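All values derive from a computational prediction rather than experimental measurement.
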Amino acid sequence: MNKETTRTSIFLGAAVICCLFSGLVFWMTAPRTSTEFELNGKPFFETFDPKSATALVVSARNPSGELIQFEVKKDGDTWVIPTHHNYPAEAAERLANTTAALMGLNRDAVVGRLANTHGKYGVLDPLENSEAGGNEIGTHITVKDKNGNVLVEYIVGQRVKADENRPTSEVDDEQASYFYVRRPDEQQTYKVEMEVDLSTKFTDWIKPDLLRISQRNLRSVVVNNYEVVQGVFKPGDQFKFTRDSDFGQWKLDGIDEKTEEVASDKVDEIATMFDEMEIVGVRPKITLPDGRQLLKPDLTLNLDGLGQVPERVQRQIMGQAARDLAQQGFFLASAPLKGTDERLFGQQGKVDVTTNDGVRYSVYFGDVFLGDTESIEIGGGKLEKVDSKKKNDASKKGDSKNKVENDSTKKDKRQKSRFVMVRVKFDESLLGAVPAKPTEPTKPTEPEGYKPTEPKTGTNDKKGPNEQEPPVPPAEDKKTKLFKQYEADLATYRAALGKYQAELQAYNDQTEKRNKSIENGKKIAKDLNDRFGPWYYVVGVGELESLKLPRDAFVKPKQVDPNAPAAQLPAIPNIFFEDSKQPPKKSDSKSGDPKSGKNGGK
């Protein structure tokens, strides 16, 4: 082969290689029109029946990189939260909305094709990534059926931001509900329109309002500030506040109404506190070997059937119950407190509140502790019991050590919380006096031979000047008087009967209303006891410290009404006293003084 042929072969080979390379580059960079973009507008998963969903799991990473998993599952006919001791998921509306929002999500537009873009859109799987930045890791959502089969599974990333080239006001409404989403088994990331609140917060899945009362419905607040110190009951201040209506003035038992009045704003603070008291955590109460609660909803011991249990086992059960209660700051007395039926006591006292529904709530206050989110919601984690009394004393004295502890509390984001237990009773007497049934008047007995007097018609009743009533025969005189008395009694009866019928209608209306109130009050008490019965609750401390205030905080000197008329001195008697130092005044000639000899000295 000569040099020209060789050179030509080299050029041809190079040309072929260039063509092949160009084709490869074109193939690699050409827009995808099939497998990636043909999915736009199509659902991630086939539509499923929301009724077939029996479990929802939400997984995410907190700012510290720790994995947080929150699960809601169906147990029989009830949705419960397994991660929180199977506490009922009371926010049924949120659950229904979340499930519906995840049903049939569509891929609106592909924004990323490769795995190296997952961090950019915040769709890294939290189950697999812990080192990435917080905004790079998404929220993993899984919905399963009763057999554990996955119905839908998504990783939801960042919210789609507004287009920087357009005014925010023009795109907020359009983009507000768009998120970056992908399937865990796919690399492609899509922009997806969805309305779902992906919360792993316990209180978002329950009804956090603990007592479910309205401040305006409160009729009494009884504060009992006893303490239990090392198993010894120590009485404390007691305050009983009452009022007669929704916006009535608070009264305090034992107040001197002449010189004192209630500081209503302080009592309103306590009433507001109970209205707004919210659940932040739960713990299950101890159960008997057969699964029953040892403490009944009314907080009495459920000892039925324990008589057949060996005494040794009974002692073990009671000892375990005592330890379980004490761990939360509650104590069970061997016998009721004298003069009461109280056997359960909170370490920091209790408060009874009543409502116009006839329902009495007894709230027992247990231990106060510092804890992180896990220890507050379900126990475990970091938990430190707090002696609230010592803490308060230290803060009043300006204890620098306490200040350091408070600073460290803020740093590690622990919060002060308190254990409480609640008992509910319906008390019919709180509805007021029972309506009194009116007495039906007795109809007078018609005398024998009585005939109603018929008015005369067609005759002139006017009598002449000399005319008189015909005399009544002596035999008829007594009977006529009897008939007249009967007619008078009959008129009185008819008037009383009309009044009775009106009073009877009012009585029937009041009785019907009261019976409905009784039925409603009993239902409220039962429903709440069923809710409270199995649980110790954890609430934020908030304003609970105000319960420990002295009497002076609730009572103030009585204020004088500036618009009230001023007290008037009694009139000065018309008596004059002669002043020996002053000469006597000359009498007026018109005064008629007999000593003057003028005008009256006749």
Backbone N or O of [Y] within a donor-acceptor pair of the [X] side chain at under 3.5 Å?
X      : Y      : value
Asn520 : Lys516 : no
Asp324 : Gln320 : no
Lys285 : Gly533 : yes
Arg283 : Gln328 : no
Asp357 : Val359 : no

Using 0.5 Å steps for rounding, measure from the [atom1] atom of [X] to the [atom2] atom of [Y].
X      : Y      : atom1 : atom2 : answer
Arg216 : Asn356 : CZ    : CG    : 9.0 Å
Asn529 : Phe532 : CG    : CZ    : 8.0 Å
Leu211 : Leu528 : CG    : CG    : 8.0 Å
Thr78  : Asn86  : OG1   : CG    : 10.5 Å
Gln238 : Asn225 : CD    : CG    : 8.5 Å
Leu549 : Glu269 : CG    : CD    : 8.5 Å

Aromatic contact between [X] and [Y], with the criterion being ring centroids under 6.0 Å apart: yes or no?
X      : Y      : value
Phe241 : Phe554 : yes
Tyr537 : Phe419 : no
Phe330 : Tyr364 : no
Trp205 : Phe70  : yes

Test item: side-chain donor near acceptor, [X] and [Y], under 3.5 Å:
X      : Y      : value
Asp509 : Gln505 : yes
Glu512 : Asn508 : no
Asp489 : Thr492 : no

- Step through the shown structure and confirm whether more than 12 heavy atoms of other residues, nucleotides or ligands are within 6.0 Å of CD on Glu446. yes

- Heavy-atom neighbours of Arg494 CZ exceed 12 at 6.0 Å: no

Test: [X] and [Y] ion pair at under 4.0 Å:
X      : Y      : answer
Glu90  : Arg531 : yes
Lys201 : Glu377 : no
Lys526 : Asp530 : yes

- Query: Stepwise, does the side chain to side chain donor-acceptor pair (under 3.5 Å) test hold for Asn217 with Thr355?
  - Reply: CA-CA 5 Å; Asn217 294 338; Thr355 67; over 6 Å; no

- How far apart are the C-alpha atoms of Thr203 and Ile279, what are their side-chain angles, what is the distance that settles it, and do they pass the side-chain contact (heavy atoms from CB on, under 4.5 Å) test? CA-CA 7 Å; Thr203 52; Ile279 303 166; 5.7 Å; no

With side chains defined as the heavy atoms from C-beta onward, is the minimum distance between [X] and [Y] less than 4.5 Å?
X      : Y      : result
Ile81  : Ile206 : yes
Val363 : Val353 : no
Asp244 : Lys251 : yes
Lys73  : Thr54  : no
Lys556 : Glu261 : yes
His84  : Ile378 : yes
Val262 : Ile255 : yes
Leu497 : Gln501 : yes

- Message: For a side-chain contact (heavy atoms from CB on, under 4.5 Å) check, start with the C-alpha distance between Tyr87 and Val80, then their side-chain angles and the critical distance, and finish with the verdict.
- Response: CA-CA 5 Å; Tyr87 189 83; Val80 299; over 6 Å; no

Please give me the minimum heavy-atom distance between [X] and [Y], naming the atom from each residue.
X      : Y      : answer
Val221 : Leu218 : CG2-CD1, 4.5 Å
Pro88  : Trp535 : CD-CZ2, 4.1 Å
Ser362 : Lys350 : OG-NZ, 4.1 Å
Asp275 : Gln215 : OD2-N, 3.1 Å
Val420 : Leu210 : CG2-CD2, 4.0 Å
Gly254 : Arg551 : O-NH2, 3.9 Å

- Item | The single option from Asp265, Asp268, Thr242 passing side chain to side chain donor-acceptor pair (under 3.5 Å) against Trp250 | Asp268

- For side chain to side chain donor-acceptor pair (under 3.5 Å), just list the numbers for Thr259 and Asp256, CA-CA rounded to whole Å, side-chain angles, deciding distance to a tenth of an Å, and then say yes or no. CA-CA 6 Å; Thr259 60; Asp256 184 350; 3.2 Å; yes

- Query: Stepwise, does the side-chain contact (heavy atoms from CB on, under 4.5 Å) test hold for Arg418 with Val538?
  - Reply: CA-CA 5 Å; Arg418 185 194 296 268; Val538 180; over 6 Å; no

- Yes or no on salt bridge (charged side-chain N to carboxylate O under 4.0 Å, His left out) for Lys240 and Asp352, after CA distance, side-chain angles and deciding distance? CA-CA 9 Å; Lys240 182 177 181 179; Asp352 292 305; over 6 Å; no

- Please step through salt bridge (charged side-chain N to carboxylate O under 4.0 Å, His left out) for the pair Asp246 and Arg219, ending with a clear verdict. CA-CA 8 Å; Asp246 289 0; Arg219 291 295 178 268; 2.5 Å; yes

- Task: Please work out whether the ring planes of Tyr450 and Tyr486 are parallel, tilted or perpendicular, with thresholds of 30° and 60°.
- Result: perpendicular

- Query: Please walk me through it: do Val351 and Asn224 pass side-chain contact (heavy atoms from CB on, under 4.5 Å)?
  - Reply: CA-CA 6 Å; Val351 173; Asn224 193 342; over 6 Å; no

